[in-house]
Engineer: 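Please see the structure below; I have some questions.
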Amino acid sequence: MQSYRLTINDDWFYLSGDYNVSALKAAMTAAVHSGGGFVDIFSSRRLQTSLLITAQSIVKLEAICAEDLPDPVESTPTLGHSYIDDDYWLD
């Protein structure tokens, strides 16, 4: 069975094999054409993430084998590089 790994800039997300990739591509393309916008994705664990997609976003969608998906029981994260830099703050 085929699955997908979506990479946005330096963050990556595993998507399930039944994910509607055509709709995801259309939503991302529409966000870029409108000058930027949020696109919702659901990881293979059904966790929702909203991504801001702009013309500067680097997007890569890879088809992978389902057996290459991380095991939900293992400590392997389904999201990559999800951290905030030390010099980032909110006012």
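No experiment lies behind these values; they were computed from the predicted model shown. Numbering starts at 1 and runs along the sequence shown. Note: hydrogens, waters and symmetry copies are ignored here, and every other heavy atom, side chains too, is used.
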Engineer: Does a side-chain heavy-atom distance below 4.5 Å link Ile41 with Ile8?
Structural biologist: no
Engineer: Quick one: closest heavy-atom pair of Ser3 and Leu15, and the distance?
Structural biologist: CB-O, 3.6 Å
Engineer: Return the set of residues passing side-chain contact (heavy atoms from CB on, under 4.5 Å) with Val32 (not counting sequence neighbours), or none when no residue passes.
Structural biologist: Ile53, Ala55
Engineer: Would you say the side chain of Leu51 lies within less than 4.5 Å of the side chain of Phe38, judging by non-hydrogen atoms?
Structural biologist: no
Engineer: What's the shortest heavy-atom distance between Thr7 and Glu62, and which atoms?
Structural biologist: OG1-OE2, 4.1 Å
Engineer: Sub-3.5 Å donor-acceptor pair from the side chain of Asn9 to the main-chain atoms of Ser57, do we have one?
Structural biologist: no
Engineer: Side chains of Thr49 and Phe13: does their closest heavy-atom pair fall under 4.5 Å?
Structural biologist: yes
Engineer: For the residue pair Val59 and Met28, what are the closest heavy atoms and their distance?
Structural biologist: CG1-SD, 3.8 Å
Engineer: Side chains of Asp11 and Leu6: does their closest heavy-atom pair fall under 4.5 Å?
Structural biologist: no
Engineer: List in chain and number order the residues that pass side chain to side chain donor-acceptor pair (under 3.5 Å) with Ser50, two or more places apart in sequence or in another chain; answer none if no residue qualifies.
Structural biologist: Asp40
Engineer: Please answer: with hydrophobic residues joined when any side-chain heavy atoms are less than 4.5 Å apart, are Leu52 and Phe42 in the same cluster?
Structural biologist: no
Engineer: Does any part of the side chain of Leu24, heavy atoms only, come nearer than 4.5 Å to the side chain of Tyr4, both counted from C-beta?
Structural biologist: no
Engineer: For Leu61 and Arg5, what are the C-alpha separation, side-chain angles and deciding distance, and is it a side chain to side chain contact (heavy atoms under 4.5 Å, CB included)?
Structural biologist: CA-CA 6 Å; Leu61 185 63; Arg5 183 168 65 182; over 6 Å; no
